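Just so we're clear, the structure is a prediction, and the values are computed from it rather than from any experiment. Order of listing sets the numbers, starting from 1, for every ligand and every atom in it.
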Amino acid sequence: MPERSTSGLSRDMEFVIEARDGAARLGRLATAHGTIETPAFMPVGTLGAVKGLGPADLAATGAAVMLANLYHLSLRPGIDTIEQLGGLHAFTGWRGPILTDSGGFQVWSLSTLRQLDADGVTFRSHLDGSPVRFTPEGVVQAQVRLGVDVAMMLDECPPWPVSHEAAASALARTQSWARRARAAWSGGPRRLFAIVQGSTYRDLRERAAAELAALDFDGYAIGGVSVGEAIEERRQAVEWTASVLPADRPRYLMGVGLPSDILHAVRQGVDLFDCVLPARNARHGLLFTRQGLLKIKHAAFRNDGGPVDPSCGCPVCRQVPRAFLSHLLRSGELTGAVLATVHNLHHYLDFMRDIRQAIRSGKLGEVAFVSA
Ligand SMILES: [Zn+2]
């Protein structure tokens, strides 16, 4: 029987920090489905798949972990169905680690379709209007039934802008839900992450982080950003929060995905990221390259025989010219979106690898990103 750490995880599943460069950390987050080298980017597979990619395609991009969404999976196909089919790994065919978001983001993004109360939140399904009830305990249990590697607590993501009073009130509810989620958590080979809210108010962020740290979660997320605030406000919220989170636990910045924002947050000591941006941009023909953002549908690429990015080693850049991607995407051909997604995710995962190598060699200050 392996020895248990305070968080309930066995010692060989702990989060190990291998190197530091300033506040940035190079780490290894072990899970029952593989080890995640951090800082890491998690592609978003809301319904269990990154749009356009099967599990083997996703693995080929170099992704170590996939993010899925409890709210959406609860509506369809339903937790019962996935559990009966052996859990989310068996259901999706993705064998690597999975993190599920709890539905707290949908409290914000589907604000016209939900009713909040002290005990939880009732959504009106965006599909058929039927009511769906989420409580802190129910959300924990549903993620355990899915068999995910990292579960997120239910939280209330407030809108922006929001008054200090309203942000404090939303935070009080989130903190109460955190205590209930922690009490409902039985540990085992999974992690439960807390989510720090508090909008753009320093006192709320710091108080929330301190209270959640005392509850001894397996990891800590910075939530409530990327909801319309200015870039400087977002970065301040990250700086205030990251600096007071427990040093020995993974930190996850939710939904922030511009390469410049990722690099900033890594320098504050953040370890995990997710964003729909690389996949969504790909579908719109916006390709990230080391030379800058390429609008591949532009007429200039109609006859371009070069690769999307000469310095990219992805299968798309090795096999087909820009002209082909431009043709497919201008024609609305599904394959165009798929190939563009493969390239963009590959680019992001290469960027994270560069960041990890730079931290290991103490040269994070030299890492640059090409402005989108
Ligand atoms: Zn490529």
Is a side-chain N or O of Asn69 found less than 3.5 angstrom from the main chain of His72, in a donor-acceptor match?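 Yes, Asn69 side chain to His72 backbone: donor-acceptor pair under 3.5 Å.
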Kindly work out whether a path of hydrophobic side-chain contacts (I/L/V/M/F/W/Y, heavy atoms less than 4.5 Å apart) joins Leu73 to Phe105. no
CD (Gln115) with more than 12 external heavy atoms under 6.0 Å: no
Surrounding CG of Asp128 (heavy atoms of other residues, nucleotides or ligands, distance under 6.0 Å), is the total greater than 12?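 Yes, enclosed.
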Between Asp149 and Arg191, does any side-chain N to carboxylate O distance fall below 4.0 Å?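 Arg191 and Asp149: not salt-bridged.
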Would you please indicate if the ring centroids of His126 and Tyr71 are separated by under 6.0 Å?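 Yes, close enough.
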Which count of protein N, O or S atoms is obtained for distances strictly below 2.8 Å from the Zn ion (ligand 1)?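 Count of protein N, O, S atoms less than 2.8 Å from the Zn ion (ligand 1): 4.
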